[in-house]
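Remember, it's 1-based here, ligands and their atoms both numbered in the order they're listed.
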Amino acid sequence: MVRRELPDYPSETSSASFTGANPVSHPSRGASMNSAAEPAPTYRTGFHIGGRWVSPLGTDEISVENPATEQVIGRVPAGTAADVDRAVAAARAAFPGWAALAPTERAAHLERLHRRLTARAGEIAHTVACELGTPLKIAARVQAGLPLTVLDSYVTLAASPPEEETVGNSLVVREPVGVVGAITPWNYPLHQVVAKVAPALAAGCTVVLKPAELTPLVAYLLFDAVDEAGLPPGVVNLVTGTGPVAGAALAAHPGVDMVSFTGSTATGTQISRLAADRIARVSLELGGKSANIIFEDADLAGAVKVGVGNAFLNSGQTCTAWTRMLVHRSRYDEAVDLAGKAAGGYRLGDPFDPATRLGPLVSAGQRERVRGYVERGLAEGARLVTGGLDAPVPDTGYFVAPTVLADVDPDSTVAQEEIFGPVLAVIPFDDDDHAVAIANNSKYGLAGAVWSGDQDRAVAVARRLRTGAVDVNGGAFNPLAPFGGYKQSGVGRELGAHGLAEFLEVKSIQR
Ligand code: NAI
Ligand code: MG
């Protein structure tokens, strides 16, 4: 369905058609971005600041690689602190006007943005398939479809912000926090951006976005849509760059009232420190090591199949991935066998081949990190069920074979640290208390799952998990439900009304 909307690209339908061109960093390029027959667009690159494409103040660039082909497919400027300054000034200047709009007017702007971005769904999926390696079919659904759904939800939520309350002699009102610095990761590069920009704009805040340096191209499509939608200048601004330079400058900027970050816990810690100097508000969506608890009375085949699919989605580069499969000892061997077979059946390869289930990891560095964890897991006593470092993978591209490790010690490295690759740890448990203890034996607390033939038992166990979300018996993802983590998985919530409330201050007026 989405494939039909894709712009034409050569019959080899390979992302290599991107090579040499820098379609997305060209602010005024036409719609012919995917045609290899087309000459590469004149190289021009910029930031989007104050409603215009502007040239960077420095000359450094970041090369963007296609992790399936290992080819450079684009270049974006590496912003400096001076670039961030300009963007923050633009966002500050735009703030009073945007904050003063009626909620329905902001909703109308977001609706236009949604329409313009929807027209680009095919281009978005294609771009993310190229810069991240998500198989195109999955990219269409998740990398393009999900952010469009979230943006649409904020069209509605923007029009109906939280009601004012009366508490005794006080009128309690809510106001936008101010200028938001949004720093986003590469694993769901448009979704993570929209999950910040949409609620921030809905709340009346203005935004400076610093997208991930590994996958900055899709953000250019968003800003093309911002232009077309005619959002007021400076309401949302784009500065690309590295974390330690542009990201840190944004997090530390005195003109930024709130920093909203998604990424690793280590970087979240640094950002919190930078924001602490001026007591700026911080919202953090960080890592996870989520447990998938499968009881003896569960539909085992279904639970394992869905569990493996969840763990390997986006090559395992998903913060909510259920990377620890906890199975009742009486069904453990059966589950390990099923998980091994399911994982072994995943087709690895070219993201543009419709048969591909698993693409590469985002970068050479990420592949080495994941390989290191597999080695460590085996050294610490885990049993290799399928995959591993010797399993065949394509010669080109940063692939790791889908890997299942059994008999994993709950305290070992692979059961404790976020791997961010297609690696599943299977662990046996004896009873409900034991399952809960293993699940909660983590510095993280983002997500999880419980499977049981007894729904009440499953919900009771879900309540005992110290995590921000739990899916019971395959409960569907709800884009309006609050999303975020306990413990070192973060601070604050995204999505839905809770996500909008993150961007609001509360004021009491006594009469
Ligand atoms: P990262 O957390 O370093 O990068 C995320 C964003 O933070 C990027 O935009 C980056 O430019 C920015 N950043 C980095 N250092 C910064 C600093 N000092 N100040 C301000 N901004 C900064 O993630 P990285 O290094 O790419 O991935 C490493 C690991 O992090 C992964 O293996 C995974 O375990 C975890 N991760 C978790 C994600 C999640 O969704 N929870 C997303 C991405 C990574
Ligand atoms: Mg990093």
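In summary, the atoms of ligand 1 found under 4.0 Å from a heavy atom of Pro185, numbered by their order in the structure, are 42 (C), 43 (C). Within ligand 1, counting atoms from 1 as listed, the ones closer than 4.0 Å to a heavy atom of Cys319 are 39 (C), 40 (O), 41 (N). Every atom of ligand 1 with a heavy atom of Thr184 under 4.0 Å away is listed here by number and element: 6 (C), 8 (C), 9 (O). Residue Lys210 approaches ligand 1 through these ligand atoms, each under 4.0 Å from one of its heavy atoms: 8 (C), 9 (O), 10 (C), 11 (O). Atoms of ligand 1 found under 4.0 Å from any heavy atom of Phe261, numbered from 1 in the order shown, are 2 (O), 5 (C), 6 (C), 7 (O). Numbered from 1 in the order shown, with element, the atoms of ligand 1 that lie under 4.0 Å from a heavy atom of Ala248 read 19 (N), 20 (C). The distance from ligand 1 to the heavy atoms of Gly287 drops below 4.0 Å at these ligand atoms: 41 (N). Interface atoms of ligand 1 facing Ala212, defined by a heavy-atom separation under 4.0 Å, are 9 (O).
Relative to the ring axis of Tyr346, Arg357 places its NZ or CZ within 45° and under 6.0 Å from the centre.
No more than 12 heavy atoms of other residues, nucleotides or ligands shown are found within 6.0 angstrom of CG on Asp390.
A side chain to side chain contact (heavy atoms under 4.5 Å, CB included) with Pro147 is found for exactly one of Ile124, Val218, Val193, Leu190, namely Leu190. Each of Gln366, Gln192, Gln143 was checked for a side-chain hydrogen bond (donor to acceptor under 3.5 Å, both in side chains) with Asn187, and the lone residue meeting it is Gln192.
The aromatic rings of Phe223 and His48 are tilted relative to each other, their planes meeting at an angle between 30° and 60°.
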- Item | side chain to side chain donor-acceptor pair (under 3.5 Å) evaluation trace for Asn292 with Trp451 | CA-CA 8 Å; Asn292 177 17; Trp451 303 79; 2.8 Å; yes
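Legend: residues meeting salt bridge (Lys or Arg N to Asp or Glu O under 4.0 Å) with Arg92, ordered by chain and number and at least two apart, are Asp257.
Contacts with ligand 1 closer than 4.0 Å are made by no heavy atom of Tyr188, backbone or side chain. Neither the backbone nor the side chain of Thr318 has a heavy atom within less than 4.0 Å of ligand 1. With a 4.0 Å heavy-atom cut-off, ligand 1 is reached by no atom of Ala251. Contact annotation for Leu286 and ligand 1: only backbone heavy atoms (N, CA, C, O) come within less than 4.0 Å of the ligand. Contact annotation for Glu213 and ligand 1: only side-chain heavy atoms (C-beta onward) come within less than 4.0 Å of the ligand.
Between Asn187 and ligand 1, a contact under 3.5 Å exists for at least one N or O pair. Checked against a 3.5 angstrom limit, the closest N/O atoms of Thr262 and ligand 1 fall outside it. Between Gly247 and ligand 1, not a single N/O pair is under 3.5 Å apart.
Distance check, rounded to the nearest 0.5 Å: OG1 of Thr262 to NZ of Lys196 gives 3.0 Å.
Contact between Gln366 and ligand 1 is present, with at least one heavy atom of the residue lying under 4.0 Å from the ligand.
Here the shortest heavy-atom distance to atom 27 (O) of ligand 1, taken over Phe420, Tyr444, Trp186, belongs to Trp186.
Ring to ring, Trp186 and Phe420 are close: their centroids are under 6.0 angstrom apart.
Under the 4.0 Å criterion applied to side-chain N and carboxylate O atoms, Glu380 and Arg376 are assigned as salt-bridge partners.
Contact detail for Ala401 and Ala391: the closest heavy-atom pair is CB-CB, 3.6 Å.
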